[in-house]
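Worksheet: the structure to be examined is printed underneath.
Here the structure is a predicted model, which means the values were calculated and not measured. Here is how names work: the chains are called A, B, and so on, in the same order as the sequence lines, proteins then strands, and each is numbered from 1.
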Number of protein chains: 2
Amino acid sequence: MPPDSRTASPTRPMRADARRNYDRILAAAAEAIAEHGAEASLEEIARRAGVGSATLHRHFPSRRRLLEAVFRDKVEALCATAADLAADPDPGHALSTWLRAVARHAVSNRGLATALMQGSHDGDPTLGGTCHSMITSAGADLLHHAREANAARPDVTITDLLKLVNAISLAVEQEPDGADQADRLLTLALTGIHSAAEPAGR
Amino acid sequence: MPPDSRTASPTRPMRADARRNYDRILAAAAEAIAEHGAEASLEEIARRAGVGSATLHRHFPSRRRLLEAVFRDKVEALCATAADLAADPDPGHALSTWLRAVARHAVSNRGLATALMQGSHDGDPTLGGTCHSMITSAGADLLHHAREANAARPDVTITDLLKLVNAISLAVEQEPDGADQADRLLTLALTGIHSAAEPAGR
DNA sequence: GTACGATATGGAGGGCCACCCCGTTTTCGC
DNA sequence: GCGAAAACGGGGTGGCCCTCCATATCGTAC
């Protein structure tokens, strides 16, 4: 969330020092999360950023908000990819390509899967532009097209699919060959146990 | 791990007080984990058991060991189920039935999925009878039969399948309708996105 | 350029936790 | 019973998350 120009309310722009600290914290958080995952110590992030822990908590009242901010641009990129793929003549292929892209991002950015998973079901109902909701609506479109083309069974929801992708990503996040494993598991999940060797995705 | 009669080494039997405390801790842990999941506070477990926290740490040097002990019997039950199903005339059906059973247990016993996931890849290489290895070898047999009957693609491993099941279970563990969701997601994963409505599992 | 109100800061402290040290208590073989 | 060996647990250390509030900094109006 770009700290100035908030949703609708005409908040006055941030003071220069606040802005500076905000950015420093974000950078430090990105580093720390890359190293230690979504559970990285908030105190250490504050330490790295050279600010007091209170400052961190003022800018990001919950770990969730921090994750959201850290991964906002990655999520936007994924949404853009979805928009591109929406024009693909093979909607089934587009959908599975996109899900694969989500998985790839999630395993190479520790913490992303966690950020994508966290719906707004826990307090704090004032979140409209969460990673979760952004990615969900981006994917809903692709699924919609796939369904029309009979490339996805009608009872499956985008929430199901993303839950699957994120669950897989989380599970392999700390394995050394995470990317490979995620890809193989996702393939498995998309095409089923039985099909022999066919790339059934297209 | 039944605290006396350890693997091969002729450890002398536990002292009565140690045994008593061991059992109390196990009972308290089962309660606490059921309430708060795999991350339940060890101090609170000790408190509930009426022992000092040092005693807990002496009996269970890591959270992992505690989880293993708490869920040992559930895991054994799942292994027994696998053994029964190995005789099923339809090995593909047997495999998917078993995986479903694993998922069902995992969602109704908070923390089980976590216990099943933890391989021995983190230090402590002295673990032969972990939940992870027990369940893996139980499932390997089922998968083997399924493969021979051409009911599973040859490139999928039991590790893949269990990772999938546990990832799903973990992901839905805190949702209110976890059992339903796990089942729907597992079905999805086993049969693939595309198949229309057929119960492709058999 | 200065003064002043609004805004932002961070050190200190509280509550919780995992884990360990070591003096004390309990058990068990004799 | 007795004494050595085994087990115990209070309390300490250090980490974590989060909040309070006295202080420092910023932006602006003059």
Among [options], find the nucleotide with the atom closest to the side chain of [X].
X     : options                : result
A/N21 : D/dC17, C/dT27, C/dG10 : C/dG10
B/R58 : C/dC28, D/dC8, D/dC26  : D/dC8
B/D17 : D/dC18, C/dT9, D/dA7   : D/dA7

Please tell me if [X] has a side-chain N or O lying less than 4.0 Å from either OP1 or OP2 of [N].
X     : N      : answer
B/H59 : D/dC8  : yes
A/R20 : D/dC26 : yes
B/R15 : C/dT26 : no

Atom of [X], atom of [Y] and distance for their closest heavy-atom approach:
X      : Y      : result
B/A189 : B/L164 : CB-CD2, 4.1 Å
A/A115 : A/L67  : CB-CB, 4.1 Å
B/M14  : B/Y22  : CE-CD1, 4.0 Å
B/V70  : B/A29  : CG2-CB, 3.8 Å

If I take atom [atom1] in residue [X] and atom [atom2] in nucleotide [N], what distance separates them, rounded to the nearest angstrom?
X     : N      : atom1 : atom2 : result
A/Y22 : C/dT7  : OH    : P     : 19 Å
B/D23 : D/dA7  : CG    : P     : 14 Å
A/H57 : D/dC16 : NE2   : P     : 11 Å
B/E44 : C/dA18 : CD    : P     : 10 Å
A/R63 : D/dC16 : CZ    : P     : 10 Å
A/M14 : C/dT7  : CE    : P     : 13 Å
A/R24 : C/dT9  : CZ    : C1'   : 12 Å

Of the residues in residues 26-40 of chain B, which ones touch DNA chain D at a heavy-atom distance under 4.0 Å?
none

Heavy atom of residues 45-56 of chain A under 4.0 Å from DNA chain D: which residues?
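The stretch gives A/R47, A/S53, A/A54 as the residues lying under 4.0 Å from the strand, ordered by number.
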
Do any N or O atoms from the side chain of [X] and from the backbone of [Y] form a donor-acceptor pair under 3.5 angstrom?
X      : Y      : value
A/H144 : A/A140 : no
B/D90  : B/H93  : yes
B/R63  : B/A38  : yes

Please compare B/E43 and B/A18 by the position of their nearest nucleotide in DNA chain D and report the one closer to 5'.
B/A18

Inter- and intrachain pairs under side chain to side chain donor-acceptor pair (under 3.5 Å), touching residues 160-173 of chain B, at least two apart:
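Found A/Q181-B/K163, A/R184-B/D160, B/T157-B/D160.
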
Could you tell me whether B/E68 and B/R64 have a side-chain N and a carboxylate O separated by less than 4.0 Å?
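Here B/E68 pairs with B/R64 in a salt bridge, since their nearest N and O are under 4.0 Å apart.
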
